[in-house]
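What follows is a set of notes on a single structure, which appears directly below.
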Amino acid sequence: MTVPTLPARIFMATDLSARSDRALSRAALLARSWSRELTVAHVVHNADVDRHDRLMSTAPSWRRPESWAQALERTLRDDLAAEGITAKALIVIGSTADSILRAANDDGAGLIVLGMAKDAPLDRIQLGSTVDTLVRQSRAPVLNVRRRVRGAYRHVVVATDFSEPAMHALRLAAHWFAGARLTIFHAYSPPGATLTSGPAAKASWRTAVTEQCESHLAAAALPAAIEAALNRVLEQGNPEVLLPDYVDSADVDAVVLGSQGRSGLTRALLGSTAENLLHVLDCDTLVVRGS
């Protein structure tokens, strides 16, 4: 059994917009609390850099002492210094998702942090597609930040289908967020549920799911104190409906999801709705690739 470790480095990708400010604050807080180094990268397309530099090439010499990429890096360093954030500033030139992955890998990142506001249609097409690509392809966990930072995470939920990737996500959450209240959340839909909706059938399925959960936790081999304090939420229904409602009602700060990498996010009882959860959950979401 592989014991999760804290990430060696944290890599935060920003578009220098207001919606990235929350992600930057969270990345800086995690870096401080874990005593880890932070890299903050701004990704710009090649065409934008070329266009800007062509325009500046006709300007007087005193107006073009540096390339646009150098100017952006200087601005980013100044912004970080103004916020009192100790981090390496990096300008990444290229297509968004591929460039973030390449730069994060080169940086030795053990965690990638992104900021995505509550979705508008255009956000889902642009930044949303970047998040989807990253969670499918990144070997490092990807944290999508929505909430304003008010301190360390207080309540973390691990959504599970009792699979191996979900077990890895649970172990990692227990280690990374040891000071938080931890909840394991499982939504289930028995086969033929509409035909077997009587009390006896419901009780039977509840018993089976409870036993499956306890077997899953035994295999996870969490520290005894963490398992004893772990809150279990097992509910019949659609996870895409139930989990967002639980997040809102239980004051959840972050949800952790297991991932199977290039084959897509965990299916089974979490279902094909798992990727949609990244865009509908009104809290931070950490996607962890299976070990």
Side-chain angles (χ1 to χ4, degrees), residues 4 6-7 10-14 18-36 38 85 110-119 127-128 131 134-135 140-160 166 168-187 220 222-223 225-235 239-259 265-266 270 273-288:
L6 292 174
I10 299 173
F11 185 95
M12 188 265 163
T14 176
R19 68 181 168 193
S20 290
D21 290 346
R22 295 181 179 186
L24 176 58
S25 296
R26 177 59 64 186
L29 178 61
L30 291 173
R32 288 195 302 270
S33 62
W34 292 341
S35 299
R36 292 301 188 262
L38 171 64
I85 295 173
L111 171 65
I112 298 174
V113 181
L114 304 171
M116 186 172 70
K118 196 168 182 65
D119 290 347
L127 185 54
V131 174
L134 284 171
V135 299
V142 178
L143 175 63
N144 179 50
V145 177
R146 289 185 187 271
R147 293 277 180 87
R148 189 181 304 279
V149 176
R150 296 186 175 89
Y153 290 137
R154 297 162 299 169
H155 187 185
V156 175
V157 169
V158 180
T160 185
H168 178 63
L170 175 61
R171 289 171 178 153
L172 184 143
H175 185 68
W176 283 17
F177 312 118
R181 177 190 179 196
L182 194 62
T183 293
I184 187 170
F185 182 99
H186 177 69
L222 300 176
I226 292 178
E227 183 176 343
L230 183 68
N231 183 37
R232 283 91 156 156
V233 176
L234 310 173
E235 197 72 32
E240 194 172 0
V241 175
L242 294 177
L243 185 54
D245 186 65
Y246 183 75
V247 165
D248 291 340
S249 63
D251 198 20
V252 174
D253 299 307
V255 168
V256 182
L257 296 169
S259 165
L265 290 178
T266 303
L270 269 182
T273 61
E275 287 186 18
N276 289 334
L277 290 172
L278 288 169
H279 300 274
V280 300
L281 289 173
D282 192 22
C283 67
D284 296 1
T285 308
L286 177 66
V287 182
V288 181

Quick one, [X] and [Y] - any side-chain contact, counting heavy atoms below 4.5 Å?
{"X": "L143", "Y": "T285", "value": "no"}
{"X": "C283", "Y": "V255", "value": "yes"}
{"X": "V247", "Y": "V157", "value": "no"}
{"X": "D282", "Y": "D248", "value": "yes"}
{"X": "P141", "Y": "L172", "value": "yes"}
{"X": "L277", "Y": "L243", "value": "yes"}

Step-by-step side chain to side chain contact (heavy atoms under 4.5 Å, CB included) determination, L38 to I85: CA-CA 9 Å; L38 171 64; I85 295 173; 4.1 Å; yes

List the residues meeting side chain to side chain contact (heavy atoms under 4.5 Å, CB included) with L242, not counting sequence neighbours, and say none if there are none.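 F185, A187, E235.
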
Among all residues two or more places apart in sequence or in another chain, which pass the side chain to side chain contact (heavy atoms under 4.5 Å, CB included) test with L6?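 Result, side chain to side chain contact (heavy atoms under 4.5 Å, CB included) vs L6: W34, R36, H175, W176.
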
Set out, in order, the CA-CA distance, both residues' side-chain angles and the distance that settles side chain to side chain contact (heavy atoms under 4.5 Å, CB included) for F177 and L286, then state yes or no. CA-CA 12 Å; F177 312 118; L286 177 66; 4.0 Å; yes

So among R147, H155, R181, which one has a side-chain contact (heavy atoms from CB on, under 4.5 Å) with V252?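 Answer to the side-chain contact (heavy atoms from CB on, under 4.5 Å) test with V252 among R147, H155, R181: H155.
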
Which pair of heavy atoms, one from [X] and one from [Y], lies closest together, and at what distance?
{"X": "I226", "Y": "A174", "result": "CD1-O, 3.8 Å"}
{"X": "L257", "Y": "A159", "result": "CD2-CB, 3.5 Å"}
{"X": "A220", "Y": "L170", "result": "CB-CD2, 4.2 Å"}

Report the residues that fulfil salt bridge (charged side-chain N to carboxylate O under 4.0 Å, His left out) with R154, sequence neighbours left out, ordered by chain and then residue number.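 Scan of R154 (salt bridge (charged side-chain N to carboxylate O under 4.0 Å, His left out), adjacent residues dropped) gives D251, D253.
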
Please round to the nearest 0.5 Å and tell me the distance separating atom [atom1] of [X] and atom [atom2] of [Y].
{"X": "L230", "Y": "L182", "atom1": "CG", "atom2": "CG", "result": "5.0 Å"}
{"X": "S20", "Y": "L114", "atom1": "OG", "atom2": "CG", "result": "8.5 Å"}
{"X": "M12", "Y": "L30", "atom1": "CE", "atom2": "CG", "result": "11.5 Å"}

Pair V256-V288, side chain to side chain contact (heavy atoms under 4.5 Å, CB included): steps then yes or no: CA-CA 7 Å; V256 182; V288 181; 3.8 Å; yes

Donor-acceptor pair, H186 side chain versus L234 backbone, under 3.5 Å?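 No, the answer is negative, given that no donor and acceptor are paired below the 3.5 Å cut-off.
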
Could you go step by step and tell me if V113 and N144 meet the side chain to side chain contact (heavy atoms under 4.5 Å, CB included) rule? CA-CA 6 Å; V113 181; N144 179 50; over 6 Å; no

Which residues pass the side chain to side chain donor-acceptor pair (under 3.5 Å) test with N231, not counting sequence neighbours?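 Side chain to side chain donor-acceptor pair (under 3.5 Å) list for N231, sorted by chain: T183, Y246.
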
Residues two or more places apart in sequence or in another chain: which of them pass side chain to side chain donor-acceptor pair (under 3.5 Å) with R232?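 Checked R232 against side chain to side chain donor-acceptor pair (under 3.5 Å); matches are E214.
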
If you look only at pairs with a residue in residues 21-35, which of them pass as a salt bridge (Lys or Arg N to Asp or Glu O under 4.0 Å), with sequence neighbours excluded?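 Every pair satisfying salt bridge (Lys or Arg N to Asp or Glu O under 4.0 Å) with a residue in residues 21-35: R26-D284.
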
